[in-house]
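Presented below is the structure to which this report refers.
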Amino acid sequence: MSRTIYITTPLYYVNAQPHIGHLYTTALADTVKRFHVMMGDHVYFLTGTDEHGEKIVKAAQKAGVNTQEFVDQVAGTFEDTWKQIDFTNDDFIRTTEPRHKEFVQEILKRVHDSGDIYFDQYTGLYCVDCERYMTMTELVDGKCPDHEVEPVEVKESNYFFRMGKYRQQLIDHIEKNPEWIRPVRYKNEVLSFLKQPLEDLCISRPKTRLEWGIDLPFDDKYVTYVWFDALLNYVSALKKNAAGNDVFDRYWKECNHFLAKDILKTHAIYWPTMLMAAGIPLPKQLDVHGYWLSGESKMSKSLGNVVKPLVFHEQFGIENLRYFFFREMKFGKDAGFTYELFVERYNSDLANGLGNLLSRTASIVKKNLGGVVPEQHNTTDAEQPLIAMAKKLLETYPKNFDDRAFHVAVEDIRSLMAATDRYINEMAPWKLARDDERKEDLARVLYTALEVVRISAVLLSPIMPKKCAQILAYLGETRPLDGSVPFEGLAGWGGLSFGHELGDVPRLFPRIDEKKLKEVLESVEAAKGVEEKAESDDLEPIKDEITIDDFSRVDLRVGIIREGHLVEGSKKLIRLMVDLGEEKPRQIFAGIKSHYAQPQDLVGTKVIVVANLKPRKMKFGISEGMVLAGGGGDDNRLCVAEFDGDLEPGDTVT
RNA sequence: GGCAGGGUAGCUCAGCUGGUUAGAGCGCCGGAUUCAUAACCCGGAGGUCGGGAGUUCAAGUCUCCCCCCCGCCA
């Protein structure tokens with residue numbers, strides 16, 4: 001029976017270029033779509049880009065272009081990359097599109113009107129990189145553990161969404177629908193998180209701090225928090241699809257979200273409660289996958305791009321990587337990727353397995369049967385195990401896909417092919433060919449082998465669409481995989497039609513030798529080096545222009561350091577007594593302990609002091625000014641600015 | 001600290017509701033074969049299934065305790 005299915009990937013945040021993580025999730029959605037299409041289901045597949053928020057503004061600044069140009073460029077790269085590697089998404093939504101903005105505002109208004117959004121004041125520590133407030137207990141050494149950045153104390157009034165109100169309703173939903181979040185471990189994680197009270201969610205950012213976002217419809221001094229905006233794409237893209245039609249009713253209730261485990265909370269908590277408040281039914285299912293690891297570390301956008309999709313495509317072909325993805329990763333768990341692992345798997349499964357099986361079989365047909373696909377003769381006991389395996393796949397393969405057990409599905413196909421290799425060795429068709437009386441046996445064996453290749457290619461085509469299409473075309477299997485032919489007919493035994501003449505034996509999966517691997521590894525290393533250098537040479541962006549008047553408000557003076565002390569209990573500060581030619585030296589705390597662990601060495605140094613800085617009360621005393629120092633870079637180099645000539649304390653610095 | 005997941009051959013892992021001598025791939029050693037992409041096939045070495053105790057006719061598989069890794073939360 002034909003089903004309707006709506007598949008989404010998360011919208012990718014455009015502060016980074018496409019990498020293996022984006023590629024995997026999108027390939028996953030693409031493969032599942034192709035599978036369902038083959039099964040005769042009707043599928044709608046959405047992906048796109050998330051383009052608002054503070055981090056985007058920063059990334060644009062860093063790149064030295066205006067924000068709109070920046071997001072256009074990166075979003076373009078995503079869309080283009082997916083096109084070049086033939087992903088079959090039916091739409092590509094960008095959160096900066098009018099259709100999305102309008103919908104977000106409509107929902108905000110609706111939720112505001114119903115009383116689930118309220119205005120309140122909040123003081124907290126904000127991590128810019130996380131784009132959220134942190135609690136004290138989350139911090140490690142006063143820094144955000146994810147980004148190793150000190151959060152800023154922010155006090156502001158904002159709008160809040162009554163997320164906490166929907167806590168019990170969400171728990172009930174998850175308990176009533178145990179398959180709603182898969183695999184179970186992630187369901188458990190969400191449930192255990194929900195055991196504690198659920199706080200309301202701050203969903204606005206004042207424009208004084210951030211202008212790049214969607215205006216709140218009820219207060220134009222604020223823009224919408226990026227997650228409250230981005231998640232709504234799953235619906236906004238249906239309300240007005242690429243063709244301008246409203247397909248919400250048709251698809252929404254069949255929605256299946258794919259996502260990586262790092263955005264579980266936003267999808268399993270923020271999102272459903274938002275939908276509840278907006279009066280929209282929840283999506284049907286969340287499928288949560290793990291990370292691709294490189295050695296020990298996570299390959300994420302913040303740790304650089306080890307695999308660039310298009311570069312990999314040129315080097316080894318993206319479909320071969322898709323095979324690796326599904327063969328190697330147990331859905332939901334992390335898995336390792338290295339070029340060595342990839343090549344190993346490719347050589348053993350695709351080159352020595354599928355490729356070689358096709359090659360050896362086809363070449364016997366070419367040599368002995370004039371290249372013509374033989375008729376299926378009565379089978380004997382020898383074929384029964386293979387036929388039974390193939391038959392069983394008609395049931396297990398769709399079930400494994402539905403259960404997201406892709407690695408099992410692939411392994412089953414591989415087992416069928418391995419059994420066929422054994423079968424061929426046993427039957428030794430090259431011997432049968434020498435015996436004129438055994439022509440029928442020869443035909444039977446070759447038909448059997450070719451049929452296994454055909455069935456394998458049908459089953460693998462959602463994963464490797466082009467390569468499998470080539471195999472099928474070569475074998476004379478011309479029936480489309482678009483659902484118009486029943487799956488049982490396509491993948492069932494005996495589908496291979498006789499009489500087709502085989503062309504030259506194709507080498508679809510040439511072995512990758514050590515030399516090629518080494519070349520690629522070297523080029524990857526080289527590219528990484530260049531990137532790291534570019535990264536570390538990046539300058540802090542220059543701040544907004546000021547006038548000479550602005551500058552002259554800062555009173556800089558020459559000061560001589562008379563005393564330098566460590567501050568007990570502080571990791572960063574040292575205490576300096578600085579002579580500015582006044583009655584007595586000023587006490588100044590400076591956060592430079594990391595580079596001046598022996599503050600007494602600074603005594604006698606002539607430095608630049610901000611003399612009119614408002615005294616600041618600190619935990620260890622009052623700081624009456626600021627000593628200027630320079631620094632930067634990944635190595636956090638730092639150095640106090642000093643004079644080498646004859647200046648007196650109190651002299652002005654201009 | 002609480003909760004969840006995991007700890008099985010050199011490496012990556014499979015082993016569902018307990019049941020024959022614990023499996024696969026890769027790697028290694030030996031053999032066979034020649035249709036094929038130095039391929040394919042067969043055989044071998046290699047595991048006290050994290051440790052300990054218990055339940056059972058029977059435990060990698062269930063129970064309890066402990067150790068280690070990863071994740072979420074505090």
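So you know, we letter chains A, B, ... as the sequences are listed, proteins then strands, and number each from 1.
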* Residues A/Arg414, A/Glu411: salt bridge by 4.0 Å N-O rule -> yes
* **Nearest-angstrom distance from the residue atom CD of A/Glu411 to C1' of B/rG23** => 11 Å
* Go through A/Asp262 and A/Tyr291 one step at a time and tell me if the side-chain contact (heavy atoms from CB on, under 4.5 Å) criterion holds. => CA-CA 9 Å; A/Asp262 57 338; A/Tyr291 292 142; 2.8 Å; yes
* Structure fact -> Rounded to whole Å, the CZ-P distance (A/Arg167 to B/rC73) equals 16 Å
* To do: Pick base, sugar-phosphate or nothing for A/Phe509, based on heavy-atom distances below 4.0 Å to the nucleic acid.
  => base
* To do: Using the P atoms only, state how far B/rA4 lies from B/rC66, rounded to an integer number of Å.
  => 14 Å
* **P-based separation of B/rG18 from B/rU61 [nearest Å]** => 11 Å
* Distance, P atom - from B/rC28 to B/rC67, rounded to whole angstrom -> 40 Å
* Looking at A/Phe316 versus A/Tyr346, is the centre-to-centre ring distance below 6.0 Å? -> no
* Judged by modelled atom types alone, do A/Asn352 and A/Arg511 share a side-chain donor-acceptor pair under 3.5 Å? -> yes
* **Phosphate OP1/OP2 of B/rC72: any A/Lys265 side-chain N/O under 4.0 Å** => no
* B/rA24 pairs with, by Watson-Crick or G-U criteria that keep both distances under 3.5 Å -> B/rU12
* Flag the pair A/Leu198 / A/Phe193 as yes when at least one side-chain heavy-atom distance between them is below 4.5 Å, and no otherwise. => yes
* Which value, in whole Å, describes the distance between the C1' atoms of nucleotides B/rU17 and B/rU12? -> 27 Å
* Asked: With a 3.5 Å cut-off and no angle check, do the side chains of A/His267 and A/Tyr186 form a donor-acceptor pair?
  -> no
* Mind checking A/Glu426 for me? I need base, sugar-phosphate or nothing, with any heavy atom below 4.0 Å counting as a touch. => nothing
* To do: Report the distance from atom CH2 of A/Trp430 to atom P of B/rU33, rounded to the nearest whole Å.
  => 11 Å
* Asked: Rounding to the closest angstrom, what is the interatomic distance between B/rG30 and B/rC13 at atom P?
  -> 29 Å
* Step by step, would you call A/Val520 with A/Phe312 a side-chain contact (heavy atoms from CB on, under 4.5 Å)? -> CA-CA 9 Å; A/Val520 168; A/Phe312 192 97; over 6 Å; no
* Say you pick atom P in B/rG25 and the same atom in B/rG43; how far apart are they, in whole Å? -> 11 Å
* To do: Could you check whether A/Pro429 gets within reach of a base, just the sugar-phosphate, or nothing at all, counting any heavy atom under 4.0 Å?
  => nothing
* To do: Counting Watson-Crick and G-U wobble pairs only, both distances under 3.5 Å, name the nucleotide matched with B/rA4, or none.
  => none
Nucleotide N/O of nucleotides 5-10 of chain B paired with protein N/O under 3.5 Å:
unit_1 : atom_1 : unit_2   : atom_2 : d
B/rG5  : O2'    : A/Arg185 : NH2    : 2.8

* Asked: Can you check the A/Met417 CE to B/rG25 C1' distance for me, whole Å?
  -> 13 Å
Below 3.5 Å, can you tabulate the donor-acceptor pairs from side chains in residues 421-429 of chain A to any protein atom, sequence neighbours excluded?
unit_1   : atom_1 : unit_2   : atom_2 : d
A/Asp421 : OD1    : A/Arg360 : NH1    : 2.6
A/Tyr423 : OH     : A/Glu383 : OE2    : 2.4
A/Asn425 : OD1    : A/Arg360 : NH2    : 2.7

* Structure fact -> Of the listed B/rC35, B/rU37, B/rA14, the closest approach to the A/Lys330 side chain comes from B/rA14
* Structure fact -> Heavy-atom nearest nucleotide on RNA chain B taken for A/Thr361 and for A/Glu189; more 5' hit belongs to A/Thr361
* In whole Å, what is the span from the NZ atom of A/Lys195 to the C1' atom of B/rG2? -> 9 Å
* Rounded C1' spacing from B/rU8 to B/rC68 in Å -> 16 Å
* To do: Taking the six-membered ring for Trp and the full ring for Phe, Tyr or His, determine whether the centres of A/Phe326 and A/Phe324 are under 6.0 Å apart.
  => no
* Apply side-chain contact (heavy atoms from CB on, under 4.5 Å) to A/Tyr225 and A/Asn158, showing your working. => CA-CA 10 Å; A/Tyr225 169 52; A/Asn158 265 313; over 6 Å; no
* Asked: Can you name the closest pair of heavy atoms from A/Thr448 and A/Leu386 and give their distance?
  -> CG2-CD1, 3.8 Å
* How is A/Ser348 classified with respect to the nucleic acid when contacts are heavy atoms under 4.0 Å: base, sugar-phosphate, or nothing? -> sugar-phosphate
* What is the distance from CZ of A/Phe337 to P of B/rU12, rounded to the nearest Å? -> 17 Å
* B/rG43 - base-pair partner by Watson-Crick or wobble geometry, distances under 3.5 Å -> B/rC29
* Is the closest side-chain donor-acceptor distance between A/Asp200 and A/Tyr118 under 3.5 Å? -> yes
* Structure fact -> Comparing nearest nucleotides in RNA chain B, the 5'-proximal residue of the pair A/Ala418, A/Arg414 is A/Arg414
* To do: Specify the separation, in whole Å, of atom CD of A/Glu328 and atom P of B/rG25.
  => 14 Å
* Structure fact -> Ranking B/rG25, B/rC35, B/rU37 by distance to the side chain of A/Asn352, first place goes to B/rU37
* Please report, rounded to the nearest Å, how far the P atom of B/rC13 is from the CG atom of A/Asp349. => 15 Å
* **Any residue of residues 174-182 of chain A with a heavy atom less than 4.0 Å from an atom of RNA chain B** => none
* **Inter-nucleotide P distance (B/rG54, B/rA58), Å rounded** => 12 Å
